[in-house]
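Encoded as structure tokens, the structure appears first; notes follow it.
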2 protein chains.
Amino acid sequence: MEEKKERILSIAQKIFARFGINKTTMDEIAKMARMGKATLYYYFKSKEDIFAEVIHKESNILKQKLSEAINKVKTPKEKITAYVLTRMKHLKELVNYYSALTDDYLDHYSFVEKERQNFTHYEMDTLKNILFAGNNEGVFQVKDVDVTARMLTIALKGLEYPLIIEDKAVDIETEINLMLDILFKGMEKR
Amino acid sequence: MEEKKERILSIAQKIFARFGINKTTMDEIAKMARMGKATLYYYFKSKEDIFAEVIHKESNILKQKLSEAINKVKTPKEKITAYVLTRMKHLKELVNYYSALTDDYLDHYSFVEKERQNFTHYEMDTLKNILFAGNNEGVFQVKDVDVTARMLTIALKGLEYPLIIEDKAVDIETEINLMLDILFKGMEKR
DNA sequence: ATCTCGACCATAAAACAATAATAGTCGAAA
DNA sequence: TTTCGACTATTATTGTTTTATGGTCGAGAT
């Protein structure tokens, strides 16, 4: 029954978010889901497997939110702005996924690596498409779309840092907008 | 005798670089310096103290290299390029300092935090000065110098990541130059 | 068949004790 | 002023026992 699986996943998601994969026990998940531990193994192969699915779910949520945000606006500039802001906004909410992307101790799980690559791929693809469209519409004049897309992801990576330490003195959204202003001016056709 | 202190520091620097602060013993340092362990305590208060001075020394080396690189060229654009490339090039060489900036397990040492802040301050100051000069010379037209400088540091922070995993497929220097091209275009007066 | 679980096992983690390493001190001496 | 051997108090390591936990199985419920 797919519905039960979902229930387990959403419970596990919360517990993982709070304690991480190591400090979360199968008994805990089972108890919270009001079922025997053995039952979990009827629906999932292992603890890793549950975690992997949680990560995957969160990853898809983020991708969906990003795609939605992009489609809601028209111009390439708006799309990039929407992308960056949406990414910032939702990434920290998806605790498990975020920790999968950043925590070193999760490196050795192959599914984590797979999910990371998958997202990087999506991110690069999406940004490249926007840049291409911008070029075609005559808004941008980006020579090397690949490099520029990579540059954007690098900048996004850098932005995660102030996001974590959440320095209240800095208004991240304003900051991002000013930063994008410069980037846009650099990419604009003239 | 200040010279002896220097000798101890430069020996400790090498050992710390290889084994980190925890796995380095005072006996080791003493033996390498061909002196009794107790003598170390004549020159330094503690092991932390030695490490702090090593960090401080490396931090100063980096600052000096950066200042040199900047002064060697004239235009603001050249200065920024020189800054970024010099930073990339030398940061990974200064092993102890680099690990102080990045390793979480060093967080609780107050001198590490102090050194981090100190460097961030230097970095922001230096970049801001270049941007100001660029504005005054009519090369740049940067509205908010503070935010732009912060943006540059964020981008630099993001660049550290591909630096660590050193993906051979990407030529970092070329990448940086292309990236700076866009940024310059965005900051240029027109 | 599909699903649930108690009882069970093997392994991994925690707790503990005993031992060894190590940071740091001190007084004597060069 | 500088050096260091001998010492101590702490911290880290190692080996051992105990506990916790991931995962299996077969019996029974639906």
Side-chain angles (χ1 to χ4, degrees), chain A residues 1-57 96 99-100 103-112, chain B residues 1-57 96 99-100 103-112:
Chain A
M1 209 209 258
E2 199 58 29
E3 197 194 301
K4 257 285 168 52
K5 227 182 140 175
E6 269 309 315
R7 210 171 67 80
I8 294 171
L9 276 179
S10 87
I11 284 165
Q13 181 180 35
K14 282 172 202 147
I15 308 183
F16 281 139
R18 193 153 170 65
F19 303 109
I21 184 171
N22 290 330
K23 293 278 186 185
T24 300
T25 71
M26 292 300 267
D27 272 319
E28 236 174 321
I29 298 174
K31 197 177 274 176
M32 285 291 277
R34 267 175 271 119
M35 58 178 69
K37 184 180 65 167
T39 310
L40 293 177
Y41 287 88
Y42 179 75
Y43 294 97
F44 296 93
K45 199 169 104 278
S46 64
K47 186 164 84 161
E48 270 192 28
D49 193 45
I50 301 182
F51 190 69
E53 289 215 30
V54 167
I55 295 294
H56 187 68
K57 219 174 98 185
N96 299 299
S99 69
D103 288 359
D104 290 342
Y105 82 97
L106 292 170
D107 281 355
H108 66 282
Y109 293 110
S110 68
F111 61 87
V112 168
Chain B
M1 212 209 259
E2 199 59 28
E3 196 195 303
K4 260 276 169 56
K5 226 180 144 178
E6 269 308 315
R7 209 169 69 80
I8 294 171
L9 276 180
S10 86
I11 284 165
Q13 180 180 34
K14 282 173 202 147
I15 308 181
F16 281 139
R18 192 152 173 65
F19 302 108
I21 184 170
N22 290 330
K23 295 276 185 186
T24 300
T25 70
M26 292 299 268
D27 271 319
E28 238 174 319
I29 298 174
K31 198 177 275 178
M32 286 290 279
R34 266 176 272 118
M35 57 178 70
K37 186 180 61 165
T39 309
L40 293 179
Y41 287 90
Y42 179 74
Y43 293 99
F44 296 94
K45 202 169 102 276
S46 63
K47 187 164 83 161
E48 270 193 29
D49 193 44
I50 299 183
F51 190 68
E53 288 215 32
V54 167
I55 295 293
H56 187 68
K57 217 174 102 186
N96 299 299
S99 69
D103 289 359
D104 290 343
Y105 82 97
L106 291 170
D107 279 356
H108 65 282
Y109 292 111
S110 68
F111 60 88
V112 168

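All chains are named by letter (A, B, ...) in the order of the sequence lines, taking the proteins before the strands, and each is independently numbered beginning at 1. Small disclaimer: the values here were computed from a predicted structure and weren't measured.
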- Task: Please report, rounded to the nearest Å, how far the C1' atom of C/dT25 is from the CG atom of B/D27.
- Result: 14 Å
- Item | Euclidean distance, atom NZ of residue B/K47 to atom P of C/dA21 [Å, nearest integer] | 16 Å
Can any side-chain N or O of [X] pair as donor or acceptor with the backbone N or O of [Y] at less than 3.5 Å?
{"X": "B/T24", "Y": "B/G20", "answer": "yes"}
{"X": "B/K47", "Y": "B/M26", "answer": "no"}
{"X": "B/N96", "Y": "B/I55", "answer": "no"}
{"X": "A/E28", "Y": "A/T25", "answer": "yes"}

- Task: Check every nucleotide of DNA chain D for an atom under 4.0 Å from a heavy-atom of chain A, then give the first and the last such nucleotide from 5' to 3'.
- Result: D/dT21 to D/dC25
- Query: Considering residues, nucleotides and ligands other than A/K57, do more than 12 of their heavy atoms fall under 6.0 Å from its NZ?
  - Reply: yes
- Note on the structure: dist B/S99:OG -> B/F16:CZ (nearest 0.5 Å) comes out at 10.5 Å
- Which value, rounded to the nearest 0.5 Å, describes the distance between B/K37 atom NZ and B/L40 atom CG? 9.0 Å
- A/Y43 six-ring face occupied by A/K4 cation (under 6.0 Å, within 45°): no
- Scan residues 31-42 of chain A against DNA chain D and write down, sorted by residue number, each residue with any heavy atom closer than 4.0 Å; if none is found, say none. A/K37, A/A38, A/Y41
- Task: Classify the ring geometry between A/F51 and A/Y109 as parallel (under 30°), tilted (30 to 60°) or perpendicular (over 60°).
- Result: tilted
- For DNA chain C, find the residues of residues 2-22 of chain B with a heavy-atom distance under 4.0 Å and give them by number; none if there aren't any. none
- Item | Reference residue B/Q13; test side chain to side chain contact (heavy atoms under 4.5 Å, CB included); the match among B/I50, B/V54, B/I8 | B/V54
- Task: Under 4.0 Å between any heavy atoms, over every strand shown, what does A/F44 touch: base, sugar-phosphate, or nothing? Just pick one.
- Result: nothing
